[in-house]
Engineer: 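Handing you a structure now.
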Amino acid sequence: MKNVTVLGTGVLGSQIAYQTAFHGFSVVAYDINDEVLEKAKKRFAELATIYVAELPGATREQADAALANISYSADLAAAVSDADLVIEAVPENLELKRSIYTTLGEVAPAKTIFATNSSTLLPSDLKGFTGRPEKFLALHFANHVWKQNTAEVMGTTDTDPAIFAEVVDFASRIGMVPIEIKKEKAGYLLNSLLVPFLDAAGALVAGGYAEPETIDKTWRIGTGAPLGPFQIYDIVGLTTAYNISSAGGPEQKKFAEYLKENYIDKGKLGTSTGEGFYKYPSA
Ligand code: NAD
């Protein structure tokens with residue numbers, strides 16, 4: 001594998017493209033128009049600075065070499081014309097993704113492997129639109145790929161095991177820790193663990209059993225984990241937490257109300273705004 005095309009240069013697509021370029025691959029960043037691609041260039045420049053600051057051993061030269069490994073295209077056929085791997089990170093919308101795979105399947109060369117970064121869809125929801133289900137699977141990154149560097153690899157029953165292995169190898173080569181998932185699971189491994197954990201913590205505060213600080217302290221001391229659930233909520237962002245909780249059952253809805261009243265309506269949205277459950281003076 002040499003040439004990688006990333007579809008979508010938003011939050012995750014830009015990180016995936018930059019991480020891949022940082023590890024020496026030739027990357028094409030594809031998005032809907034040149035205006036969006038100009039914004040992507042800014043994101044990549046910001047990522048270069050972040051990598052030098054946050055990634056142990058990363059030099060300015062490496063960060064600049066990564067920028068030079070990225071080219072830009074708003075023409076899908078041209079963007080994938082020599083791609084060994086396409087990583088799709090377009091918005092989380094089933095119909096949009098299906099339509100992209102339909103076109104992609106027609107314009108990409110036969111050799112190209114397709115991987116979706118979708119967080120909530122199963123690859124089975126999309127495989128029928130790819131024209132090549134044996135060369136299609138999920139490769140799921142976490143936000144802040146350079147430090148939260150898991151890459152969950154999850155195929156469908158149609159995915160060729162050799163392709164799965166190739167993508168696992170690719171993930172290692174771009175500095176990720178590949179997480180091999182044996183069969184399809186909504187939420188992959190990480191969110192299958194994290195979401196019920198955060199829900200349980202939310203139900204404890206919304207039910208009036210304890211303060212967030214007490215729950216976090218219990219979890220940290222009792223398990224040796226570095227962060228408690230409300231510290232994690234602050235990183236995820238309370239708006240995202242609110243949106244997910246308001247769509248849940250009665251306990252989750254109660255927590256959503258608690259979040260709105262005590263935090264969101266007061267502009268306390270987590271680390272991004274300098275305050276959520278905790279204060280972050282340097283943010
Ligand atoms: P985003 O909205 O930040 O970025 C989406 C990008 O796709 C934008 O640049 C947009 O211009 C582009 N786009 C829109 N329509 C397109 C099209 N037709 N063709 C090509 N590009 C198009 O979204 P995001 O947060 O980066 O999420 C992208 C995917 O990654 C989703 O499937 C999401 O589930 C997944 N994901 C997100 C996170 C996260 O923390 N944000 C984490 C893991 C996985």
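Start at 1 and go down the list; that is how both ligands and their atoms are numbered. Remember, it's a predicted structure, so these values are computed and weren't measured experimentally.
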Engineer: Nearest non-hydrogen atom to atom 5 (C) of ligand 1 belongs to which of Gly8, Pro91, Ala74?
Structural biologist: Pro91
Engineer: Do Thr214 and Asp216 touch side chain to side chain, with heavy atoms closer than 4.5 Å?
Structural biologist: no
Engineer: Any protein heavy atom lying closer than 4.0 Å to atom 9 (O) of ligand 1?
Structural biologist: yes
Engineer: How far is atom 25 (O) of ligand 1 from the closest protein heavy atom, and which atom is that?
Structural biologist: Val11 CB, 3.8 Å
Engineer: Are Lys41 and Tyr72 in a cation-pi setup, meaning NZ or CZ lies under 6.0 angstrom from the ring centre and within 45 degrees of the ring axis?
Structural biologist: yes
Engineer: Flag Val36 as yes when one of its N or O atoms lies below 3.5 Å from any N or O atom of ligand 1, and as no otherwise.
Structural biologist: no
Engineer: Are any of the N/O atoms on Asn117, whether in the backbone or the side chain, positioned under 3.5 angstrom from an N/O atom of ligand 1?
Structural biologist: yes
Engineer: Quick one: do Tyr233 and Phe255 satisfy ring-ring contact (aromatic ring centres under 6.0 Å, His included)? Show the steps, please.
Structural biologist: CA-CA 12 Å; Tyr233 268 123; Phe255 178 58; 5.2 Å; yes
Engineer: Kindly confirm or rule out an N or O of His140 lying under 3.5 angstrom from an N or O of ligand 1.
Structural biologist: no
Engineer: With no hydrogens and no angle check, do the side chains of Ser118 and Glu92 hold a donor and an acceptor under 3.5 Å apart?
Structural biologist: yes
Engineer: Check ligand 1 against Phe141 and write out every atom of the ligand that is under 4.0 Å from a heavy-atom position of the residue.
Structural biologist: 42 (C), 43 (C), 44 (C)
Engineer: Evaluate the ring planes of Phe114 and Tyr101, with Trp represented by its six-membered ring, and classify them as parallel (under 30°), tilted (30 to 60°) or perpendicular (over 60°).
Structural biologist: tilted
Engineer: For ligand 1, is there an N or O atom under 3.5 Å from any N or O atom of Leu96?
Structural biologist: no
Engineer: Side chains of Lys2 and Ser26, heavy atoms from C-beta outward: is any pair under 4.5 Å?
Structural biologist: no
Engineer: Just distances here: any N/O of Ser119 and N/O of ligand 1 closer than 3.5 Å?
Structural biologist: yes
Engineer: Look at the side-chain heavy atoms of Ile, Leu, Val, Met, Phe, Trp and Tyr, link any pair under 4.5 Å apart, and say whether Phe44 and Val11 land in one connected group.
Structural biologist: yes
Engineer: For atom 16 (C) of ligand 1, what is the closest protein heavy atom, and at what distance to 0.1 Å?
Structural biologist: Ile32 CG2, 3.5 Å
Engineer: Is the Tyr280 ring parallel, tilted or perpendicular to the Tyr278 ring (thresholds 30°, 60°)?
Structural biologist: perpendicular
Engineer: Any side-chain heavy-atom pair from Thr9 and Val36 closer than 4.5 angstrom?
Structural biologist: yes
Engineer: Is there a heavy atom of Glu88 sitting under 4.0 angstrom from any atom of ligand 1?
Structural biologist: no
Engineer: Quick test: of every protein heavy atom, which one is nearest to atom 4 (O) of ligand 1, and how far off is it to 0.1 Å?
Structural biologist: Gly10 CA, 3.2 Å
Engineer: Under 4.0 Å, heavy-atom basis, I'd like to know which part of Thr120 is in contact with ligand 1: side chain, backbone, both or neither.
Structural biologist: neither
Engineer: Relative to each other, are the rings of Tyr51 and Tyr18 parallel, tilted or perpendicular (30° and 60° limits)?
Structural biologist: perpendicular
Engineer: Number the atoms of ligand 1 from 1 as they appear, then name those within less than 4.0 Å of a heavy atom of Lys97, with their elements.
Structural biologist: 31 (C), 32 (O)
Engineer: Check ligand 1 against Ile100 and write out every atom of the ligand that is under 4.0 Å from a heavy-atom position of the residue.
Structural biologist: 17 (C), 18 (N), 19 (N)
Engineer: Is it possible for you to say whether Val90 and Phe129 belong to one hydrophobic cluster, with membership spreading through side-chain heavy-atom contacts below 4.5 Å?
Structural biologist: yes
Engineer: If you define the side chain from C-beta out and look only at heavy atoms, does anything of Ile113 sit under 4.5 Å from Met1?
Structural biologist: yes
Engineer: Among Val90, Val145, Leu12, Val236, which one puts a heavy atom closest to atom 29 (C) of ligand 1?
Structural biologist: Val90
Engineer: Please write down residue, atom name and distance for the protein heavy atom closest to atom 40 (O) of ligand 1.
Structural biologist: Asn143 CB, 3.6 Å
Engineer: Near Tyr30, which atoms of ligand 1 are under 4.0 Å from a heavy atom of that residue?
Structural biologist: 19 (N), 20 (C)
Engineer: Write out the residue and atom name of the closest protein heavy atom to atom 32 (O) of ligand 1, then the distance separating them to 0.1 Å.
Structural biologist: Glu92 OE1, 2.5 Å
Engineer: As an exercise, identify every atom of ligand 1 less than 4.0 angstrom from a heavy atom of Asp31.
Structural biologist: 8 (C), 9 (O), 10 (C), 11 (O), 12 (C), 13 (N), 21 (N), 22 (C)
